[in-house]
Student: 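What follows is a structure written as structure tokens; I'll ask about it next.
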Amino acid sequence: SNADQEPTHAAMLPFTRNLFDPMDFTPMALDRINDRVHRRTTSAFELALSVLFTSGIQHYAEIPEGMAKAPDYVREFLRHVPSVWDDTRFLDGFPGRFVVLARRGDDRWYAAGINGENTEKKLTLDLAELKVRGRGTLITDGDGGNLSFRQESVQADPDNKLALSINPRGGFV
């Protein structure tokens, strides 16, 4: 089904359709799509698409009932995701497998990544070129099923490197 291909397809789009210009694509279904389509990605994967994908008019596929089920910190994050980005940096990735981008908007950096594969991905991100200092907030996959998130405070090491892992077909912001 198309749902089976979505993780790989989404990990390809930042390298193709969304490389230089906005694309017409509706990201982010945090809860469920409908009774016939069963999502193969985690909710954190879907949340990361709010930063990874850009469109001329950004809109999300989530319905109010699904958004109401999301944790407060996820809704708060989405309230502040800029609709226009001032800068974009490629941090890591391989077309169709995984991608990590950092985008700057409203004088803040937002990093997001997705894993299009069915195995855990361990990464060490080099944040030196972003010139960020201090602590940040990581929202990633929780231990439960649908709409399962985990939030934690993170800080890059003294060399401005941040180690993290992305669940199979998972993501982070």
Side-chain angles (χ1 to χ4, degrees), residues 5-23 25-30 39-55 58 60-61 73-74 76-78 80-143 148-173:
Q5 301 304 316
E6 202 254 339
T8 302
H9 181 67
M12 181 66 76
L13 290 174
F15 295 97
T16 56
R17 284 182 62 195
N18 214 191
L19 184 61
F20 294 107
D21 291 318
M23 65 177 173
F25 195 96
T26 305
M28 205 187 80
L30 297 178
R39 201 180 72 212
R40 304 298 193 263
T41 59
T42 68
S43 292
F45 180 108
E46 295 292 320
L47 182 64
L49 300 181
S50 69
V51 174
L52 291 175
F53 292 175
T54 61
S55 183
Q58 190 73 305
Y60 303 128
Y73 60 85
V74 168
E76 187 64 21
F77 170 81
L78 287 168
H80 297 286
V81 173
S83 58
V84 176
W85 300 105
D86 301 319
D87 195 1
T88 300
R89 304 289 172 96
F90 173 80
L91 297 181
D92 204 351
F94 189 91
R97 294 184 184 168
F98 73 103
V99 63
V100 181
L101 298 178
R103 295 191 191 275
R104 188 173 54 79
D106 298 334
D107 292 323
R108 297 181 68 185
W109 282 102
Y110 294 76
I114 56 172
N115 180 359
E117 298 183 307
N118 203 22
T119 56
E120 181 182 38
K121 184 108 24 221
K122 293 187 181 292
L123 303 173
T124 301
L125 302 176
D126 186 349
L127 305 177
E129 74 175 285
L130 305 181
K131 297 180 175 83
V132 294
R133 297 281 183 256
R135 301 192 77 67
T137 301
L138 175 70
I139 301 174
T140 191
D141 295 303
D143 296 328
S148 177
F149 294 97
R150 184 181 80 237
Q151 179 184 23
E152 63 185 83
S153 182
V154 294
Q155 184 164 342
D157 69 19
D159 294 326
N160 240 353
K161 302 222 185 305
L162 178 65
L164 54 86
S165 23
I166 309 175
N167 284 354
R169 297 177 182 160
F172 74 90
V173 293

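The figures that follow rest on heavy atoms only: side chains count, while hydrogens, waters and symmetry mates do not.
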Student: Walk me through whether Thr140 and Arg150 qualify under side-chain hydrogen bond (donor to acceptor under 3.5 Å, both in side chains).
Tutor: CA-CA 5 Å; Thr140 191; Arg150 184 181 80 237; 5.0 Å; no
Student: A side-chain contact here means heavy atoms from C-beta on lying under 4.5 Å apart; do Phe98 and Phe94 qualify?
Tutor: yes
Student: Using a 3.5 Å cut-off and no angle test, enumerate the donor-acceptor pairs between side-chain atoms of residues 158-168 and protein atoms at least two apart in sequence or in another chain.
Tutor:
from	atom 1	to	atom 2	distance (Å)
Lys161	NZ	Asp126	OD2	3.4
Ser165	OG	Glu120	OE2	3.4

Student: Please identify each residue that fulfils side-chain contact (heavy atoms from CB on, under 4.5 Å) with Gln155, with sequence neighbours left out.
Tutor: Arg135
Student: Can you list the residues that meet the salt bridge (Lys or Arg N to Asp or Glu O under 4.0 Å) rule with Asp107, with sequence neighbours excluded?
Tutor: none
Student: Is it the case that the side chain of Arg169 and the backbone of Thr42 share a donor-acceptor pair, with hydrogens and angles ignored and the cut-off at 3.5 Å?
Tutor: no
Student: Just wondering, are more than 12 heavy atoms of other shown residues or ligands nearer than 6.0 Å to CZ in Arg89?
Tutor: yes
Student: When you measure from the side chain of Thr41 to the backbone N and O of Pro7, does any donor-acceptor pair fall under 3.5 Å?
Tutor: no
Student: When rounded to the nearest 0.5 angstrom, what distance separates CZ in Arg104 from OG1 in Thr88?
Tutor: 9.5 Å
Student: Are side-chain heavy atoms of Phe149 and Val173 found at a separation under 4.5 Å?
Tutor: no
Student: Side-chain contact, heavy-atom cut-off 4.5 Å: Phe90 with Leu101?
Tutor: yes
Student: Are side-chain heavy atoms of Met12 and Gln5 found at a separation under 4.5 Å?
Tutor: no
Student: Is the shortest side-chain heavy-atom distance between Trp109 and Asp87 below 4.5 Å?
Tutor: yes
Student: What heavy-atom pair brings Leu13 and Phe53 nearest, and what distance separates the two atoms?
Tutor: CD1-CZ, 3.7 Å
